Asks: 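Got a structure for you, questions after.
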Amino acid sequence: MRTIYVDNNATTQVAPEVFEAMTPFLQDVYGNPSSMHFKGGEAQEAMADAREKVADAVGASPDEIVFTSCGTESDNTAILGTLESHPEKRHIISTRVEHPAVWTLCKHIEKKGYRVTMLSVDREGRLDLDELRATISDDTALVSIMYANNETGVIFPIEEIGQIVKSRAIPFHTDAVQAVGKIPLDMKKSTVDMLSFSGHKLHAPKGIGVLYIRKGTKFSPFLIGGHQERGRRGGTENIPYIVGLGKACELAARHLEEENNRVLSLRDKLEGGLLEKIPDTLVNGDREHRLPNTVSVSFEYVEGESILLMLSNLGICASSGSACTSGSLEPSHVLRAMGIPFTAAHGSVRFSLSIYNTEEDIDYILEQLPPIIERLREISPFWRDYIKASSKK
Ligand code: PLP
């Protein structure tokens, strides 16, 4: 069966060049970079080279890069590390559409006695910056707002937000897990103090992440142990994966223009085709400020899970905006925060493309999906009620 992989916001395939770059470090070049002997030197050198490439991808300097195990660890480190270094402050600000790596942590922090403000979004998934201005106070220890949303692809105006936050001299963290490699970022010109990203979203393997920490930012480590990463994260560095991430960042920089042109036009073709071929279809989120690879669509009166299973049987891998928890299908907190009606949120599907997708992939989806929705609507009681109600009007 042919595989059409359009779930790249969940994870990406490892680029062949990345695999090739990593292989020697899983075999012969196995030294610990802290060791004094030449094997340690080899590892140290490879890590320094990778750190430079990773720093270049976000316009940072190499000593502002801390390697972690994943995006979740980077987010946790930024948030908990900042709270620890500002113990007198008890308030943090985030948003209602963050990934669980931030969202669930904020809920956890709230239970520990912190005040947490989760900013709301409108129907298009956009923030109201006046709400941010109104909620910042002298007690605010940190503002953590994602760069781009993993479900809808909506991009927040991070620099505008940063100016508001920095005018009050408050640390500013952004979860850029979905942004790095897809849109250009330059920390030299940015208001961001800390930025998280993750290798497996940009064609490196799972198990490697990054926290960028601007020079001079007050910070306490989360993993306490050895003096690795200049005392900012204990634990022997994962050299093969660090090397892989370095290669992936180099490739991402090379492919950024392609991501913004070819991938964008494939995404737009898919979106346009779905809207044209399938009635009662909505696009979720601000279509203007959006990642070039992502589209979240809702097919009203059908269930996202059923669509995904039928697509999967045809070799098409996508995601839905609902999670099957304890037997009930709950729409995602992101779509709920946007106020998407249940009938639409239940039938949401996210397609997220990569540079490995082709025109043929999109044609195949556009050929296979319309009859799936038609079949599912034929057996949907909600669709029947909707048709009956519309014919009475
Ligand atoms: N933040 C965002 C926006 C994400 O999309 C993800 C993963 O889906 C994460 C954080 C967590 O990253 P990781 O899977 O590397 O822990």
Side-chain angles (χ1 to χ4, degrees), residues 8-9 12 15 18 47-79 81-82 99 101-102 143-150 153 155-163 165-166 171-205 208-217 219 229-230 232-233 237-238 241-260 291-293 354-355:
N8 289 279
N9 288 8
T12 58
V18 168
M47 182 164 71
D49 178 59
R51 198 183 298 278
E52 226 166 89
K53 289 176 177 149
V54 171
D56 281 351
V58 293
S61 103
D63 54 7
E64 293 173 314
I65 297 296
V66 174
F67 290 116
T68 66
S69 65
C70 60
T72 302
E73 186 192 320
S74 302
D75 287 341
N76 274 245
T77 302
I79 294 172
T82 305
H99 184 273
V102 170
V143 175
S144 176
I145 293 183
M146 72 196 319
Y147 213 112
N149 190 274
N150 43 300
I155 300 172
F156 284 148
I158 286 300
E159 293 310 326
E160 216 181 316
I161 294 169
Q163 273 168 12
V165 177
K166 296 317 292 175
F172 181 35
H173 165 249
T174 184
D175 173 345
V177 167
Q178 294 294 345
V180 174
K182 294 176 186 147
I183 53 175
L185 298 178
D186 187 356
M187 289 303 104
K188 281 190 288 299
K189 297 187 190 140
S190 176
T191 49
V192 167
D193 295 314
M194 285 171 288
L195 174 134
S196 309
F197 59 107
S198 178
H200 74 103
K201 309 290 182 177
L202 57 139
H203 306 290
I208 181 76
V210 174
L211 180 61
Y212 156 84
I213 308 172
R214 182 177 297 283
K215 256 184 221 113
T217 305
F219 166 85
E229 298 299 280
R230 294 168 172 248
R232 292 169 299 181
R233 193 225 188 222
E237 298 88 342
N238 184 352
Y241 284 53
I242 288 172
V243 168
L245 179 60
K247 188 53 155 185
C249 284
E250 188 186 317
L251 295 173
R254 223 182 287 157
H255 289 147
L256 208 57
E257 213 176 295
E258 182 178 359
E259 181 86 38
N260 276 306
L291 294 172
N293 77 321
S354 82
I355 50 155

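From a predicted model like this one, the values you see are computed outputs, not experimental measurements. Sequence positions, counted from 1, serve as the residue numbers for this chain.
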Asks: Starting at CD1 of I161, measure out to CD1 of I145 and round the result to the nearest 0.5 Å.
Replies: 4.5 Å

Asks: Indicate the atoms forming the closest heavy-atom contact of L251 with A15, along with that distance.
Replies: CD1-CB, 3.8 Å

Asks: Between D186 and K189, does a side chain to side chain contact (heavy atoms under 4.5 Å, CB included) hold up when you go through it step by step?
Replies: CA-CA 6 Å; D186 187 356; K189 297 187 190 140; 3.8 Å; yes

Asks: Should L211 and F197 be marked as a side chain to side chain contact (heavy atoms under 4.5 Å, CB included) after you check the CA-CA gap, both sets of side-chain angles, and the distance that decides it?
Replies: CA-CA 7 Å; L211 180 61; F197 59 107; over 6 Å; no

Asks: Determine, stepwise, if the pair M194 / F172 fulfils side chain to side chain contact (heavy atoms under 4.5 Å, CB included).
Replies: CA-CA 6 Å; M194 285 171 288; F172 181 35; over 6 Å; no

Asks: For the CZ atom on F156, are there more than 12 heavy atoms of other groups (residues, nucleotides or ligands in this structure) within a distance under 6.0 Å?
Replies: yes

Asks: Do F67 and E237 come close enough that some side-chain heavy atom pair is under 4.5 Å?
Replies: no

Asks: What distance do I213 atom CD1 and R230 atom CZ have between them, rounded to the nearest 0.5 Å?
Replies: 11.5 Å

Asks: Scan side-chain atoms only and decide if S196 and D75 contain a donor-acceptor pair under the 3.5 Å cut-off.
Replies: yes

Asks: So which heavy atom on D193 is nearest to which on Y212, and how close?
Replies: O-CE2, 3.6 Å

Asks: If only side-chain N and O atoms count, and only distance matters, is there a donor-acceptor pair under 3.5 Å linking K182 with N9?
Replies: yes

Asks: Are the side chains of V102 and M146 in contact, using a 4.5 Å heavy-atom criterion?
Replies: no

Asks: Determine the minimum heavy-atom distance between H173 and L195, stating which atoms define it.
Replies: CD2-N, 4.2 Å

Asks: For the atom pair NE2 (H200) and CG (N8), what is the distance rounded to the nearest 0.5 Å?
Replies: 11.5 Å

Asks: D49: which residues meet the salt bridge (Lys or Arg N to Asp or Glu O under 4.0 Å) condition with it, sequence neighbours left out?
Replies: K53

Asks: When rounded to the nearest 0.5 angstrom, what distance separates OG in S144 from CG in D175?
Replies: 7.0 Å

Asks: If you round to the nearest 0.5 Å, how far is NE2 of H255 from CG of L202?
Replies: 12.0 Å

Asks: Is a donor on one side and an acceptor on the other found under 3.5 Å between the side chain of R233 and the backbone of V66?
Replies: no

Asks: Does the side chain of Q163 pick up a donor-acceptor pair with the side chain of T191 at under 3.5 Å?
Replies: no

Asks: Can you name the one residue among L291, I155, N293 that meets side chain to side chain contact (heavy atoms under 4.5 Å, CB included) with Q178?
Replies: L291

Asks: Taking R51 for its side chain and E64 for its backbone only, find out whether a donor-acceptor pair lies under 3.5 Å.
Replies: no

Asks: Report yes if some heavy atom in the side chain of L256 is under 4.5 Å from a heavy atom in the side chain of P184; otherwise report no.
Replies: yes

Asks: Tell me, with the steps shown, if N150 and V177 meet side chain to side chain contact (heavy atoms under 4.5 Å, CB included).
Replies: CA-CA 8 Å; N150 43 300; V177 167; over 6 Å; no

Asks: Working to the nearest 0.5 angstrom, can you tell me the gap between E52 CD and M47 CE?
Replies: 12.5 Å

Asks: Between L185 and A176, which heavy-atom pair has the shortest distance, and what is it?
Replies: CD1-CB, 4.4 Å

Asks: Could you tell me whether K247 and E250 make a salt bridge, using a distance below 4.0 angstrom between a side-chain N and a carboxylate O?
Replies: yes

Asks: Does a side chain donor of either T68 or S74 reach within less than 3.5 Å of an acceptor in the other side chain?
Replies: yes

Asks: For E159 and S190, which heavy atoms make the closest approach, and how far apart are they?
Replies: OE2-OG, 2.7 Å

Asks: Considering residues at least two apart in sequence or located in another chain, which fulfil the side chain to side chain donor-acceptor pair (under 3.5 Å) criterion with H203?
Replies: none

Asks: For K201 versus T12, what's the shortest heavy-atom pair and its separation?
Replies: O-CG2, 3.4 Å

